[in-house]
*Asks:* 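Submitted below is the structure of interest, expressed as structure tokens.
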2 protein chains.
Amino acid sequence: MSGSICLRPKEAFSVPEIDEIDHHVLRLLREDGRRTFSEMAERIGLSVAAVKRRVDRLRELGVITGFSVQIDYAKLGWGIEAFTELRYPGTTPVSEIIRTAADVAEVQAVFTIAGDPDALIHVRVRDLGHLQKVIDRLRRAGDVTGTKTLLVLGSWTRDAPVP
Amino acid sequence: MSGSICLRPKEAFSVPEIDEIDHHVLRLLREDGRRTFSEMAERIGLSVAAVKRRVDRLRELGVITGFSVQIDYAKLGWGIEAFTELRYPGTTPVSEIIRTAADVAEVQAVFTIAGDPDALIHVRVRDLGHLQKVIDRLRRAGDVTGTKTLLVLGSWTRDAPVP
DNA sequence: CCTGAAATCCCGAACGC
DNA sequence: GCGTTCGGGATTTCAGG
């Protein structure tokens with residue numbers, strides 16, 4: 001299994017020593033994660049070395065956990081996106097919920113929830129037949145007592161760069 | 001408003017000419033979006049120029065829509081994450097649903113849904129009082145007929161790099 | 001915490017296969 | 001489609017304020 005289980009609170013309180021410049025760096029990297037240090041230095045009005053040190057420090061603090069590419073999965077043939085709400089018996093531990101769902105390759109993210117439902121699963125599949133297979137696997141994986149699937153028609157994400 | 005509205009189908013059918021090497025490039029960039037072309041070239045067994053051409057082409061095809069940084073928002077003091085299901089009257093157009101929700105700064109993503117509910121909103125807030133304000137704003141923004149909020153206790157994301 | 005400079009490495013374009 | 005070459009630019013490190 002790739003990825004990592006991380007239950008909040010990762011950090012009970014926020015890291016104190018994050019200033020405005022750090023937020024500026026983060027904003028620039030959210031817009032484009034491959035921005036060069038030189039370009040950021042120019043925009044911020046700082047030297048290249050200073051910007052690099054900010055980014056290094058944000059990684060060490062765990063504020064920046066990584067960098068990744070944004071992909072249009074529909075263009076790769078994975079055109080269907082859905083959220084499946086899962087309900088479990090009260091005896092099921094959270095760690096098992098995450099493990100069983102994460103074992104399904106089509107699962108992109110697992111959110112454990114306070115209340116009802118117990119978990120919200122983000123899945124990406126090729127077509128509706130594929131979706132049904134994935135839901136069936138989720139139902140059988142743990143001792144699921146009920147599911148409800150929300151089929152995504154469209155989506156908007158903040159700061160998704162427009163090509 | 002930052003970001004972009006994108007309703008599926010972005011592409012009714014998948015781009016045909018994506019081969020195994022392209023998938024390898026995408027996998028490497030998902031793991032680390034700031035990988036250099038040289039490092040990818042070495043891993044794949046191709047020249048640097050060839051890898052760069054692959055990435056350029058994937059961007060032109062719209063498969064790669066951008067790059068971004070992964071942030072632990074809890075460390076920045078935004079420790080609460082939730083999904084809010086919204087219900088609208090049948091007369092509300094989808095575009096207005098997205099617009100009203102996206103105007104709220106705390107909204108990270110909006111998913112329009114086939115069936116019930118009509119939309120699923122991913123929000124990030126500082127604390128529970130903040131969450132209540134955001135939900136109130138969502139209720140008043142459009143002509144919302146009902147909401148249900150799922151409070152996230154923990155999350156797992158595929159390919160989230162562990163530091 | 002910053003700047004500036006030097007060595008190293010990478011990018012990007014051009015050319016030929 | 002691929003590789004090679006090469007000049008300009010970026011990264012990284014380190015001395016010094």
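Chain identifiers are assigned alphabetically (A, B, ...) following the order of the sequence lines, protein sequences preceding nucleic acid strands; residue numbering begins at 1 within each chain.
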*Asks:* Indicate whether OP1 or OP2 belonging to C/dG12 is found under 4.0 Å from a side-chain N or O atom of B/Arg53.
*Replies:*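 No, no such contact exists.
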*Asks:* Atom CG of B/Leu46 and atom P of D/dT4: how far apart are they, to the nearest Å?
*Replies:*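 B/Leu46 atom CG is separated from D/dT4 atom P by 11 Å.
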*Asks:* Below 3.5 Å is the cut-off: list the nitrogen or oxygen pairs between protein and nucleotides 11-17 of chain D, distance only.
*Replies:*
residue : atom : partner : partner atom : Å
D/dT11  : OP1  : A/Phe37 : N            : 3.4
D/dT11  : OP2  : A/Phe37 : N            : 2.8
D/dT11  : OP2  : A/Ser38 : N            : 3.3
D/dT11  : OP2  : A/Ser38 : OG           : 3.2

*Asks:* Could you tell me whether A/Lys75 and A/Asp72 have a side-chain N and a carboxylate O separated by less than 4.0 Å?
*Replies:*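 So A/Lys75 pairs with A/Asp72 through a salt bridge.
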*Asks:* Base, sugar-phosphate or nothing for B/Arg54? Non-hydrogen atoms, less than 4.0 Å.
*Replies:*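 B/Arg54: backbone/sugar contact only, no base atoms under 4.0 Å.
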*Asks:* One thing to verify: whether A/Arg99 and A/Asp103 come together as a salt bridge, which I'm taking to mean a side-chain N less than 4.0 angstrom from a carboxylate O.
*Replies:*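 Answer for the salt bridge query: no.
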*Asks:* Any salt bridge between A/Lys148 and A/Glu85, counting N to O under 4.0 Å?
*Replies:*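 Salt bridge: no.
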*Asks:* So which atom in A/Val107 and which in B/Arg158 form the shortest heavy-atom distance, rounded to 0.1 Å?
*Replies:*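 Here A/Val107 and B/Arg158 meet closest at O-NE, 2.7 Å.
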*Asks:* Of all of residues 17-29 of chain B, which get a heavy atom below 4.0 angstrom from DNA chain D, listed by number?
*Replies:*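 Correct list: empty, so none.
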*Asks:* Could B/Asp22 and B/Arg57 be called an ion pair, given the rule that one side-chain N must be under 4.0 Å from one carboxylate O?
*Replies:*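 Salt bridge between B/Asp22 and B/Arg57, a charged N being under 4.0 Å from a carboxylate O: yes.
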*Asks:* Can you see whether A/Thr92 engages A/Asp143 through a side-chain donor-acceptor pair at a distance of less than 3.5 angstrom?
*Replies:*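 There is such a pair (donor and acceptor under 3.5 Å, judged by atom type) between the side chains of A/Thr92 and A/Asp143.
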*Asks:* Indicate yes or no: does A/Arg54 engage A/Asp19 in a salt bridge with an N to O separation below 4.0 Å.
*Replies:*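 Looking at A/Arg54 and A/Asp19, the cut-off is met.
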*Asks:* Taking the six-membered ring of A/Phe37 as reference, does the NZ or CZ atom of B/Arg34 fall below 6.0 Å from its centre and within a 45° cone about the axis?
*Replies:*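 The answer is yes; both the distance and angle limits are met.
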